[in-house]
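Sequence lines set the chain letters: A, B, ... in the order given, protein chains first and strands last, and positions in each chain run from 1. What's counted below: heavy atoms across the whole structure, side chains too, no hydrogens, waters or symmetry copies.
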2 protein chains.
Amino acid sequence: MKPRITLKKIAKEFGVSISTVSKALKDSHEISEEVRERIQAFADFYNYKPNSLALQLRNQKTSVIGVIIPEIVHHFFSTVIDGIEQYANEKGYNVMVCLSNESYQKEVSNISVLTRGSVDGLIISISRETQENENYQHFDALLNDDFPLVLFDRIHDKLQCDKVIIDDVGGAYKAANHLIDIGSKRIALITTQDYVTVGSLRKEGYIKSLKNHGIVIDESLIYKIDDNQNLYEQIEKVINVQNPPDAILAVNEIYAANALKIAKERGLTIPDDIAIIGFTSGLISEFTSPPLTSVVQHGYLMGKQAAELLINRIENTAPKEFQKEVISTNLKIRKSTKR
Amino acid sequence: MKPRITLKKIAKEFGVSISTVSKALKDSHEISEEVRERIQAFADFYNYKPNSLALQLRNQKTSVIGVIIPEIVHHFFSTVIDGIEQYANEKGYNVMVCLSNESYQKEVSNISVLTRGSVDGLIISISRETQENENYQHFDALLNDDFPLVLFDRIHDKLQCDKVIIDDVGGAYKAANHLIDIGSKRIALITTQDYVTVGSLRKEGYIKSLKNHGIVIDESLIYKIDDNQNLYEQIEKVINVQNPPDAILAVNEIYAANALKIAKERGLTIPDDIAIIGFTSGLISEFTSPPLTSVVQHGYLMGKQAAELLINRIENTAPKEFQKEVISTNLKIRKSTKR
DNA sequence: TATAAACACGAAAACGTTTGCGCAACTTTA
DNA sequence: TAAAGTTGCGCAAACGTTTTCGTGTTTATA
């Protein structure tokens, strides 16, 4: 790569000082019009751009936001990043993305690298492993230094910082209500392991709905998927039993789509034999047959909110108390629940 | 945010010079064991981390790779980013993601911002608008400065730099061959406007296959989707005609899934009345019914390759001539073409 | 005991920028 | 014509590092 042109080189070229060049390029009236114009023309010709690193160092501000997510190949997370990026850009920030790959170690090291001065703040969704081991010291360290931090989706309540979450309880509640409305009696829940916060919150909404309708909770209808095991086989066990449920609420799109597939393979008709609802943020639900009724999560909005909270925090325009924004869901009713 | 601890502050604390502190923390034998240990303990206690900006400025190296893509909410692009991130990380690089949103202006400004010194190199997939207007001066400017640049997927042949592409011709060729093998006679192609390189390359593969099999090209079977118009209505015109094709090759997953949906709505059975193949990188094809036979594009691999080419270029371990890597596809045969 | 080597640390430059202040030289005012 | 003001530019510090080269003191060698 060719060496980039700097103030120093321009100064040498004209036999003036660096500060003269700097001021000339900023159209300072301290510099005579003649010198100003010659310097500007020269700089223009050589396509001079001030070096960001130098500016960031001097201003003690990078205008970069770091984002750490468990994985990027996941429609929900890409919509969130999209939201973050759009909002951040409007406000003059850039986005640096790192992946934890659901690993505690990578999360720690990502945080460590990004907080060496290269970002002004961090937006994070906690990795599965971290949630599993309940190991949050790396976050404590950040918060001790009052480092601007926003947690989203996979959060931890004990951490004192801004947060934005999906209304998981409400979404599941609405979904279960809908299933009850259309006459479902035995509603199975396909959820994650308990330590995944979103999973357990959705379970909460499911239970709340059933209780409200006077239905006793049948623990045997609650299935907790282990993401390290074979997904298909685990979901088979929900449907391929002597007395299968007449409805399924799945906490994500993949679980729901697999349930639909398996139910059809077993010769069940949907929604008559079994109704299915999934949480979604992707496109699968739209193209299955029948298309899946879904709790739609507005990832884009979530990203925008997270970015807004963070930038307010960075720029000290935020209230002192930490905020917790809740993004509400809506139920997109499709044919998998329409009788 | 609390001010971070620096060498200067540590030096003041101990009444020594900054260089002594720096050396002590690097375990230099120039510094006496006693001083070394006291300084290290102190730095440890206050969780000292060297400031990245200062290092980057001094070393004239950021170890950051910039990535500019048209959009991120697209399974293909997220898999590519995943590949880039994984490889870059192994090599000690971080990734900065920017979105052009298919806009020429944003692409230009992204490039401008990122080349102010904050990244060591750039991986780019060209925006639709840029391709449409054939406006490539911003790239010329980069290449004039020998700025490390890798183009992927949406490339431009005239630009002298490293590139990595999907074997679009080959993928479409294989797909069309497969359709002919299973007995299809009138194969429609649903593709993009000509200026989208991947679209026209896939058309090329389609045409090559048909010609090889002695089939004359029927231009009326080639449909070019305009992404600014309603997708559903445009695809309806492919199927809802007096003499519909007996097979469809679609250049992406969404086109294919919509074609499948419309065909079913029209009462056609798949694959008997009409066979369908799409290009894919996502999950939709797996969950439609019948599941879609697809040309699968290995986005992850593509990302890895792009990152490898770029880092080799940055670190001067690349051959002088620019490389053009071709990622081959494979045909995943599912029930939408199995008679 | 003079000389050489080893030891322990500091000064300063360099990366690229911005900006407050100082200081000549010139121009205006009384 | 002396005092005051204006114009046009340079100096130097600051942001936080690393690293080369000195330098003064102590220890070992002849």
Is there a donor-acceptor contact under 3.5 Å linking the side chains of E85(B) and N89(B)?
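Present: a donor and an acceptor within the cut-off.
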
Once you apply a heavy-atom cut-off of 4.0 Å, does [X] come out as touching a base, just sugar-phosphate, or nothing?
| X | answer |
| --- | --- |
| T6(A) | sugar-phosphate |
| S32(B) | sugar-phosphate |
| K49(B) | sugar-phosphate |
| I18(A) | base |
| F14(A) | nothing |

Distance test, side-chain N/O of [X] to OP1/OP2 of [N], below 4.0 Å:
| X | N | result |
| --- | --- | --- |
| K8(A) | dC15(C) | yes |
| S17(A) | dC11(D) | no |
| Q60(A) | dA14(D) | no |
| K26(B) | dT18(D) | yes |

Rounding to 0.5 Å, atoms SG (C98(B)) and CD1 (I72(B)) come to a distance of 10.5 Å

Could you state the [atom1]-[atom2] distance from [X] to [N], rounded to the nearest angstrom?
| X | N | atom1 | atom2 | value |
| --- | --- | --- | --- | --- |
| K9(B) | dG16(D) | NZ | C1' | 11 Å |
| I31(B) | dT18(D) | CD1 | P | 13 Å |
| E30(A) | dC26(C) | CD | C1' | 17 Å |

Dot-bracket assigned to DNA chain C with the 3.5 Å Watson-Crick/G-U criterion, [ ] for crossing and | for other-strand pairs, is ||||||||||||||||||||||||||||||

